Novice: 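First the structure, then my questions, so here it is.
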Amino acid sequence: MVAAAVILPLSVSAPAEAGSLDDVFAKVLVAKVKGENVKKHLDALQAIATANGGNRAAGTPGYNASRDYVAKKLRAAGYKVTLDPINFVESWSENTPPVLAQTSPTPKTYTPGTDFVTFEPSPAGDVTAQVQGVDLVLPPTPTPTSTSGCETSDFNGFVAGRIALIQRGTCPFATKVLNAGRAGASGIIIFNEGQPGRTDPFPLNIGEWRAGIPMVFSSFAVGNELATAPGATVRLKVDSNLVLGTNHNVIAESRHGNPGNVVMIGAHLDSVPEGPGINDNGSGTAAILETALQMRHFPVKNKMRFAFWAAEEIGLLGSDQYVAKLSQAEQDKIRLYLNFDMVASPNYAYKLYDGDDSDATGAPAGPPGSAQIEKQLERFFDRRNLGHVGTDFDGRSDYGPFIAVGIPSGGIFTGAEGLKTPAEAALFGGTAGVAYDVCYHLACDTITNVNLTALDVNSDAIADSAARYAFNTRDIPVNALAPSARVAPKATVGSGAR
C-alpha cells in the first residue's frame, strides 16, 4: 500500500474532497497505525517506570530512559532527532524568612506566614522600590473576576524597576509572574483576590522561576493596603537556594517536506512522581510515536515535526521553553500544532479542543485556524459515527505556549479528574458521576489504566490528521498575530491555584 502511494503524481494539484492526495494518504496511514502496536509502546513505558522507581518524572532515570526509548525508535526510522535541553527546578529552599515591609508613606513590617508567604521557587533577591498596581479590581467583585496580570497588555504603562502588585484571579500565578518579569518588574507581590475564602495567603509551588526576581503571595488586606497607599514603597527580600536541573525534549523532524511550512504534533513524555503515567501521558506519547514511525516513508509535502515534551507536569516547561527559544521567523514557519495529552482515559469521552469557542465556555477561541483543526477532527469521528464533545482551550497542556504566540492548534483529550456527565455517559458509555480517570496523577496510572478502544480510535484520529496535514494545510491561515498582541499562556499545569 505505501509503495503504491509513494509513486502517486505529487505534482498534480488535487481537490480537497475525498479522493484527493491527502485523503488517500490518510487512509493508508490509518490502516498502518494499529492499536496493538501503540499498546506495545505503552508496555515499554510501563517497563521503564517499573525499572526506575515506579515513575518517569522530570529529572529522574525513568524520564531519561523514556527519552532514550523514543529517540532510538525515531532515529532508526530515519528522522532527524534533536535532544533539546530545558531547565527545571531540581531543588529549592529558604535560608531565612522572607521580608516584606512598607518603607513609605507609612512604615510597616508584614509578618511572614500570616501576611504573606514566599512563592516557591522564588529566586533570591533584595529590592526596595515603589509598587505599581496591575489591572486591579478594587473593591473585589462578589465572585472571582480579576484578570490582573494575565495578559501582556495589562502591563502597558508599567514602569520598569518597580515592584508589580498583582491580584489573584482567572489565570495561574505562573502566567502573572512571567508577564511581570517580561515587563521589567524588580519584584512581584501577588495578593489574594478578596472574596470569602480568597483572602489569606497559603504556601504553594508555582513551578516558575524564570522572571529571575523575588516573588511573594500576600493576603488581600496587605495587597489592598499597598494598592491604596499613594506612592507606596516596599522592601521585598527572599533568601533562597535555587538549583536547576536539565532535561530534554525529543524533537524529531522528517527528512523531507517544505521547511517553511511545518506541521507540528506533540505529547508530553514525563509522568508525575507519584506514578508511571501510562494514560497521562504514555497514551499520547505512544500514539504519536507510532504515527511517526508508520509515516516515515511518506513523501510528505510539508515538514513534519514530532515533539515529546519534558517537564509538562511541573509547568509546561518543555514546550514553553521550546517556543520561547524560537525566533519570530521560526515561529511563523509552524503552520499548526496538534496536541495529544491523555487519549485513553478509562472512563473516556472523545473531547476535541474547542478551537472556535462554539461552546462559549472558559477561554476564548484559539488563534485563527484552530476552528478548522477542530472541524477536521470532527470529520474523522463523524465518518465513524462516533460522538464527540468540545473541551475548553484552558491551557492545561502543551498547546498553551503555541496558542500564546498565535499558532493555530487543536487536539484530543479524553478527560482527567473531572466527572463524566450523564449526557456524556449516554454518548460514550461508561459511568456518569465518576472521574474520566480515577487514577489521574496517582500510582495506579499503570498499564491497566487505559481504555484500549479509546486508544485505538484516537490513534487512528491522530494518524488521519497527521497524514492530511502532511499534504494539505490550505485551510489553515498563516500566523498573522502581531508580536505586540501576543499573550502568555492562559493556564499552566503545575502552576498553582488561580
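We're numbering straight along the sequence, starting at 1. What you see is a predicted model, and the numbers here were worked out from it, not measured in a lab.
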Novice: Which pairs with one or both residues in residues 402-432 pass disulfide (SG to SG under 2.5 Å), sequence neighbours excluded?
Specialist: none

Novice: For H41 and A286, work out which heavy atoms get closest and say how close.
Specialist: CB-CB, 3.6 Å

Novice: Any pair with a residue in residues 435-466 that passes disulfide (SG to SG under 2.5 Å), sequence neighbours left out, goes on the list, sorted by first then second residue, please.
Specialist: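 Every pair satisfying disulfide (SG to SG under 2.5 Å) with a residue in residues 435-466: C439-C444.
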
Novice: Provide the closest heavy-atom pair for I86 versus N249 in the form atom of the first, atom of the second, distance.
Specialist: CG2-ND2, 3.4 Å

Novice: Can you name the closest pair of heavy atoms from P97 and P112 and give their distance?
Specialist: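 That would be CB-CG, 4.3 Å.
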
Novice: Okay, side chain of N179, backbone of G149: is any donor-acceptor separation there less than 3.5 Å?
Specialist: yes

Novice: Compute whether any side-chain donor of one residue and acceptor of the other, for T431 and N347, lie under 3.5 angstrom apart.
Specialist: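 Their side chains do not contain a donor-acceptor pair, so the 3.5 Å distance test is not met.
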
Novice: Y469: what forms a side-chain hydrogen bond (donor to acceptor under 3.5 Å, both in side chains) with it, not counting sequence neighbours?
Specialist: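 Per chain and number, Y469 pairs via side-chain hydrogen bond (donor to acceptor under 3.5 Å, both in side chains) with no residue.
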
Novice: Counting C-beta onward and ignoring hydrogens, is there a side-chain heavy-atom pair between M342 and I412 closer than 4.5 Å?
Specialist: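 M342 does not reach I412 side chain to side chain.
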
Novice: Is the shortest distance from a Lys or Arg side-chain nitrogen in D68 or K72 to a carboxylate oxygen in the other one below 4.0 Å?
Specialist: no

Novice: Do D456 and K34 pass the salt bridge (Lys or Arg N to Asp or Glu O under 4.0 Å) test, and can you show the C-alpha distance, the side-chain angles, and the key distance before you say yes or no?
Specialist: CA-CA 7 Å; D456 190 22; K34 300 182 184 298; over 6 Å; no

Novice: What pairs with D460 under salt bridge (Lys or Arg N to Asp or Glu O under 4.0 Å), at least two apart in sequence or on another chain?
Specialist: R384

Novice: Show your reasoning for whether ring pair (Phe, Tyr, Trp, His ring centres under 6.0 Å) applies to Y353 and F393.
Specialist: CA-CA 6 Å; Y353 290 121; F393 250 145; 5.6 Å; yes

Novice: Under the side chain to side chain contact (heavy atoms under 4.5 Å, CB included) criterion, do L419 and Y436 qualify, and how do the steps go?
Specialist: CA-CA 6 Å; L419 303 183; Y436 303 103; 6.0 Å; no

Novice: Does the side chain of Q167 come within less than 4.5 Å of I190's, by heavy atoms?
Specialist: no

Novice: Check E417 with R396, please: is the shortest side-chain N to carboxylate O separation under 4.0 Å?
Specialist: yes

Novice: List the steps, then state whether side chain to side chain contact (heavy atoms under 4.5 Å, CB included) holds for Y399 with L338.
Specialist: CA-CA 7 Å; Y399 60 83; L338 302 179; over 6 Å; no

Novice: Side chains of R56 and N52, heavy atoms from C-beta outward: is any pair under 4.5 Å?
Specialist: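 No, every pair of side-chain atoms sits at 4.5 Å or beyond.
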
Novice: Got a sec, which residues hit salt bridge (Lys or Arg N to Asp or Glu O under 4.0 Å) with E120, two or more places apart in sequence or on another chain?
Specialist: none

Novice: Who passes ring pair (Phe, Tyr, Trp, His ring centres under 6.0 Å) against F217, sequence neighbours left out?
Specialist: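 Ring pair (Phe, Tyr, Trp, His ring centres under 6.0 Å) check on F217 returns F119, F173, F202.
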
Novice: Has the side chain of Q195 got a donor or acceptor atom that lies under 3.5 Å from a matching backbone atom of G197?
Specialist: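 Side chain of Q195 to backbone of G197: no pair is present.
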
Novice: Report yes if some heavy atom in the side chain of F116 is under 4.5 Å from a heavy atom in the side chain of V222; otherwise report no.
Specialist: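 Side-chain contact under 4.5 Å: no.
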
Novice: If the condition is salt bridge (Lys or Arg N to Asp or Glu O under 4.0 Å), which residues does R67 pass it with, not counting sequence neighbours?
Specialist: none

Novice: Say whether, by atom type as modelled, one donor and one acceptor occur between the side chain of S271 and the main chain of G277 under 3.5 angstrom.
Specialist: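 No: the side chain of S271 does not pair with the backbone of G277.
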
Novice: Apply ring pair (Phe, Tyr, Trp, His ring centres under 6.0 Å) to F220 and list each qualifying residue two or more places apart in sequence or on a separate chain.
Specialist: none

Novice: What's the shortest heavy-atom distance between Y337 and I373, and which atoms?
Specialist: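 Smallest heavy-atom distance, with atoms named: O-CD1, 4.5 Å.
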
Novice: Distance only, no hydrogens: is a donor on one side chain within 3.5 Å (strictly under) of an acceptor on the other, for N241 and N95?
Specialist: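 N95 and N241 do have a side-chain donor-acceptor pair below 3.5 Å.
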
Novice: Could you give me the CA-CA distance, side-chain angles and deciding distance for E290 and R296, then say whether salt bridge (Lys or Arg N to Asp or Glu O under 4.0 Å) is met?
Specialist: CA-CA 10 Å; E290 186 62 17; R296 62 191 182 276; over 6 Å; no

Novice: Would you kindly say whether T448 and T446 are connected by a side-chain donor-acceptor distance under 3.5 Å?
Specialist: yes

Novice: Can you find a pair of side-chain heavy atoms, one from M215 and one from I206, that are under 4.5 Å apart?
Specialist: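 Of all side-chain heavy-atom pairs linking I206 with M215, at least one is under 4.5 Å.
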
Novice: The criterion is ring pair (Phe, Tyr, Trp, His ring centres under 6.0 Å); which residues satisfy it with F381, sequence neighbours excluded?
Specialist: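 F381 satisfies ring pair (Phe, Tyr, Trp, His ring centres under 6.0 Å) with Y350 only.
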
Novice: Using distance alone, with no hydrogens and no angle criterion, decide if N449 and N279 have a side-chain donor and acceptor under 3.5 Å apart.
Specialist: no

Novice: Are a donor atom and an acceptor atom from the side chains of S397 and N339 found within less than 3.5 Å of each other?
Specialist: yes

Novice: Kindly say whether G415 contributes a backbone atom to a donor-acceptor pair with the side chain of S345 at under 3.5 angstrom?
Specialist: yes

Novice: Not counting sequence neighbours, which residues clear ring pair (Phe, Tyr, Trp, His ring centres under 6.0 Å) with F340? List them please.
Specialist: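 Per chain and number, F340 pairs via ring pair (Phe, Tyr, Trp, His ring centres under 6.0 Å) with no residue.
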
Novice: Which residue pairs pass the salt bridge (Lys or Arg N to Asp or Glu O under 4.0 Å) test when at least one of the two sits in residues 80-97, sequence neighbours left out?
Specialist: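 Output for this query lists D84-K325.
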
Novice: Hey, does the side chain of S283 reach the backbone of V343 with a donor-acceptor pair shorter than 3.5 angstrom?
Specialist: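 Checked: pair present.
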
Novice: Check the pair V272 / L442 against side chain to side chain contact (heavy atoms under 4.5 Å, CB included), numbers first and verdict last.
Specialist: CA-CA 8 Å; V272 293; L442 298 176; over 6 Å; no

Novice: Any chance you could lay out the side chain to side chain contact (heavy atoms under 4.5 Å, CB included) test for Y69 and L289, step after step, and finish with the verdict?
Specialist: CA-CA 10 Å; Y69 173 82; L289 175 59; 3.9 Å; yes

Novice: Would you say K420 has more than 12 foreign heavy atoms packed within less than 6.0 Å of its NZ?
Specialist: yes

Novice: List the steps, then state whether side chain to side chain donor-acceptor pair (under 3.5 Å) holds for H248 with N64.
Specialist: CA-CA 8 Å; H248 298 89; N64 292 341; 5.7 Å; no

Novice: So V134 and L165, do their side chains get closer than 4.5 Å, heavy atoms only?
Specialist: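 L165 does not reach V134 side chain to side chain.
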
Novice: Would you find a donor on one side and an acceptor on the other, under 3.5 Å apart, between the side chain of T285 and the backbone of N281?
Specialist: yes

Novice: For R468 and D464: C-alpha separation, side-chain torsions, deciding distance, then whether salt bridge (Lys or Arg N to Asp or Glu O under 4.0 Å) applies.
Specialist: CA-CA 6 Å; R468 292 179 188 280; D464 182 79; 3.0 Å; yes

Novice: Do the rings of Y79 and F306 sit parallel, tilted or perpendicular, given the 30° and 60° boundaries?
Specialist: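 Y79 vs F306 ring planes: perpendicular.
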
Novice: According to salt bridge (Lys or Arg N to Asp or Glu O under 4.0 Å), who are the partners of D392, at least two apart in sequence or on a separate chain?
Specialist: none

Novice: Show your reasoning for whether salt bridge (Lys or Arg N to Asp or Glu O under 4.0 Å) applies to K351 and E424.
Specialist: CA-CA 10 Å; K351 295 173 175 282; E424 289 171 337; 2.9 Å; yes

Novice: Would you say D354 and E374 make side-chain contact, with heavy atoms under 4.5 Å?
Specialist: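 Touching, per the 4.5 Å side-chain cut-off.
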
Novice: Answer yes or no: is there a donor N or O on one side and an acceptor on the other, between the side chain of W92 and the main chain of S122, under 3.5 Å?
Specialist: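 Here the side-chain-to-backbone pair exists.
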
